Amino acid sequence: MNKFQLTQEAVVPVHRSVRRALTASAATLTAAALAAPTSSAAAPEPPTQVTDAEQTAQVSWTEAVLRRMTLEQKVGQLFVATVWGKSADEVNATNRAHYGVDTAAEVVRRYQVGGVIYFNNSGTDNVDNPRQLAAFSNGLQRAALTSAPHLPLVVSIDQEGGNVTRVEAPATEFPSSMAVGAGRSTADARTLAAVNGHELRAMGINQDFAPVADVNSNPQNPVIGARSFGARPDLASALVGAEVRGYQASGKPTETVSSAAKHFPGHGDAATDSHTGLPVINRTAEQWRAVDLPPFRAAVDAGIDVIMTAHIQFPSLDPSGVPATLSKPIITDLLRGELGYRGVVVTDSLGMQGVREMFGDAEIPVRALEAGVDQLLMPVDLGLAQRSVLDAVRSGRLTEQRIDESVRRVLALKWKRGILAKPFVDERAVDRRVGIPTNKAAIQRLTDKTTTVLRNDAGLLPLRAKPQKVLVAGIGDTVTPANSPANLAASIAARGVQATPLATGLKPNATTIAGAVSAAQSHDAVVVLTNNLAGNPDQRALLTALLGTGKPVIAVAAQVPYDAGFVDAPTWVATYSWRAVSLESLTKVLFGEVSPRGKLPVDVPDGANPSVVRYAFDHGLTW
């Protein structure tokens, strides 16, 4: 048996009465995984029904594992930890500072965690490229399987598309969820999730914290925005259900990933970023059921593996004022009771201020478990969090039976998603499965349907004669999104036009604006990429100054379409994302290679008078 053909029997000792069923199930899953197609979009639809024999085997295995686990091991399985570095054995000082050990593998062994999460922008610096991630994942799984309790890891990531993208090129990149909402196609949503999920699994990642099920009903929402499919619950519900099926049902369990709908009970009406504060949602319970609940119900109906909680106050659902993550009325009574959800519930990061506003880091994990949560994501102090849960059990505040309930769900997830059958990935196959031409072409085709032309009063689009020189100004600096003007300029230059990128940043100063105006004088047309004009008046000043040059100016809302309500430009286009795939679609529209087909999935209010809708839901020009 090589390292890519590990069965459940090899992963963990089990009772003799279920060994035959486990071996047969594992062999079937492993054989299917090794025969996986290289194109994730072409993966076959698996059976949707679990047989009684499979269910019996899973339950029997779970109970056998629980009986042999210590309390410490059970508690460890409930935690999903951050690790630092780009390989399992890389010595990293931050691991030493946080965990008292040098490597990510030692974190797994010492704390016996049930999962880890990869980041590329929080200082953890886990992501370099797909092959590196596959090796990293294998190293972490090897650490988990060669140490107690000998269970493979749930390996998680936030790979939503658009601005929340952890694994970039050469992997396939994706438009934002709001772009998918503008495209209106459930088939395209399913394709996107299938491609994304298959590529992630090829890198050893088996859980994606996507899709965002929040209905972005508040244009001033500072944290959701284009991560949402839109402002209407029916649209969001249809696309959430389609993506869940794409992530989870577009191949065998060993080829797909667990999907996690977020952020229950609904973060779309927030006016505060829960990373930095505790938002309050003032909807009535009836409004919640009409607006926020439907996408989560659609996720449950689609068989979602995981639902992530929100660090928000929702007084009409729980008048105590505790964050939803810590609320038994919200997690147990509504999610488990009213929706009948039986899968895993995971917290949003326990390092976010929204959940730390009212309680200390020792109290938070205990309250989350009391509320009905299963997985505890990214605690600030993992050792303290685990000790707190153990102390709560030993004192009688939590029962071991309550811990067992959550461990059962985590173990069932590992079985259901084929993590037990195939914890390792073939590192040699990564280049044949990730970022392959068929995947990139499929995503480009669906993104080409999402560009939305909001205004074309000057009749500038499509460009009837190619300008000789185009200036591409706007967002792009040394932080993020650093390469947006360069990516768009490259797409334009590929059409035989001289294109000059000028990254003016998120907050251009007077000198930068004057330089952009001067540069515009020597160009035939100007494209300006914007990002959140509501919170960046300096970008508004830049766009206004460029409009004053008299040059043809194309304003592009490259993140939220609400930007179009703040500056009265005669030509406005929304791409919902500054990723290269979205800017290539924009270029095709500019030069008339494709007709714009996107329709606004939100209302765009007037920036000066938010009660007035300037561009309505479903608006979008075409030709």
Side-chain angles (χ1 to χ4, degrees), residues 4 33-43 86-87 118-121 125-138 155-177 179-180 188-211 243 246-247 250-251 254-257 259 422 424-448 450 480-484 486-488 490-491 494 577-585 587-588:
F4 302 118
L34 292 174
T38 56
S39 171
S40 50
K86 292 182 179 179
S87 74
Y118 291 147
F119 273 90
N120 66 347
N121 61 353
D125 196 26
N126 298 141
V127 180
D128 190 5
N129 59 65
R131 295 191 72 173
Q132 166 263 327
L133 277 178
F136 195 177
S137 300
N138 281 344
V155 181
S156 307
I157 201 164
D158 293 287
Q159 184 83 346
E160 299 171 10
N163 64 311
V164 181
T165 297
R166 309 302 186 208
V167 189
E168 301 179 326
T172 302
E173 292 187 348
F174 305 93
S176 69
S177 291
V180 178
D188 286 348
R190 187 187 181 286
T191 295
L192 183 150
V195 171
N196 193 6
H198 282 258
E199 291 202 1
L200 290 174
R201 194 59 184 263
M203 293 179 265
I205 298 163
N206 48 49
Q207 183 179 65
D208 190 15
F209 291 136
E243 286 211 356
Y247 282 120
S250 59
T254 51
E255 302 164 359
T256 55
V257 297
S259 176
K422 193 181 178 187
F424 299 107
V425 294
D426 187 348
E427 296 168 33
R428 299 163 299 180
V430 172
D431 293 344
R432 301 195 304 271
R433 295 180 178 174
V434 178
I436 58 178
T438 53
N439 284 354
K440 290 184 174 181
I443 300 306
Q444 189 65 66
R445 283 193 299 271
L446 70 85
T447 307
D448 288 347
T450 67
T480 182
N483 55 354
S484 302
N487 282 339
L488 180 55
S491 287
S577 167
W578 37 260
R579 292 282 163 195
V581 65
S582 296
L583 298 181
E584 172 66 13
S585 294
T587 305
K588 290 180 178 181

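As the structure is a computational prediction, the values presented were derived from the model and not from experiment.
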Name the one of Glu199, His198, Gln444, Lys440 that satisfies side chain to side chain donor-acceptor pair (under 3.5 Å) with Thr172? Glu199
From CA spacing to verdict: side-chain contact (heavy atoms from CB on, under 4.5 Å), Phe136, Val155: CA-CA 10 Å; Phe136 195 177; Val155 181; over 6 Å; no
I'd like to know if the side chain of Arg201 reaches the main chain of Thr256, judged simply by a donor and an acceptor atom lying under 3.5 Å from each other, with no hydrogens or angles considered. yes
Please assess Leu133 against Val127 for the test side-chain contact (heavy atoms from CB on, under 4.5 Å), listing each intermediate value before the final yes or no. CA-CA 7 Å; Leu133 277 178; Val127 180; 4.0 Å; yes
Show the nearest heavy-atom pair for residues Ala210 and Ser259, with the distance to one decimal. O-OG, 2.7 Å
Do any N or O atoms from the side chain of Asp158 and from the backbone of Val164 form a donor-acceptor pair under 3.5 angstrom? no
Flag side-chain contact, heavy atom, 4.5 Å: Lys86 against Asn126: no
Over all heavy atoms of both residues, which pair between Ile443 and Thr447 is shortest? Give the atoms and the distance, please. O-OG1, 2.7 Å
Is the backbone of Asp128 close enough, under 3.5 Å, to the side chain of Gln132 for a donor and an acceptor to pair up by distance? yes
All heavy atoms of Tyr247 vs all of Ala193, minimum pair found to be CD2-O, 3.4 Å
Taking all non-hydrogen atoms of both residues into account, name the closest pair between Ile205 and Val257 and its distance. O-CG1, 3.4 Å
When you measure from the side chain of Thr450 to the backbone N and O of Leu446, does any donor-acceptor pair fall under 3.5 Å? no
Any donor-acceptor pair under 3.5 Å from Asn439 side chain to Val195 backbone: no
Residues forming a salt bridge (Lys or Arg N to Asp or Glu O under 4.0 Å) with Glu160, sequence neighbours excluded: Arg227, Lys262
Is a side-chain donor or acceptor of Arg579 paired with a backbone partner of Gly162 at a separation under 3.5 angstrom? yes
Quick check against the 3.5 Å criterion: does Glu173 have a side-chain atom that pairs as donor or acceptor with the backbone of Glu168? no
Those residues at least two apart in sequence (or on a different chain) that pass side chain to side chain contact (heavy atoms under 4.5 Å, CB included) with Ala134 are Val425, Glu427, Val430
Rounded to the nearest 0.5 Å, what separation is found between the CD1 atom of Ile157 and the CG atom of Asn196? 9.0 Å
Nearest heavy-atom pair of Ala580 and Asn487: which atoms, and what distance? CB-ND2, 3.8 Å
If only atom types and distance count, is the side chain of Asn138 paired as donor or acceptor with the main-chain N or O of Phe424 below 3.5 Å? no
Qualifying salt bridge (charged side-chain N to carboxylate O under 4.0 Å, His left out) pairs, either residue in residues 129-138, two or more places apart: Arg131-Asp431
Go through the structure and list residues passing salt bridge (Lys or Arg N to Asp or Glu O under 4.0 Å) with Lys588, not counting sequence neighbours. Asp448
Please tell me if the side chains of Leu192 and Pro175 come closer than 4.5 Å, counting only heavy atoms from C-beta onward. yes
Between Ser484 and Trp578, what is the shortest heavy-atom contact and its length? OG-CB, 3.4 Å
Sequence neighbours excluded, the answer for side chain to side chain contact (heavy atoms under 4.5 Å, CB included) partners of Ala189 is Val180, Leu239, Ala242, Glu243
Quick one, Glu584 and Val581 - any side-chain contact, counting heavy atoms below 4.5 Å? no
Ser177: partners by side chain to side chain contact (heavy atoms under 4.5 Å, CB included), with sequence neighbours left out: Phe229
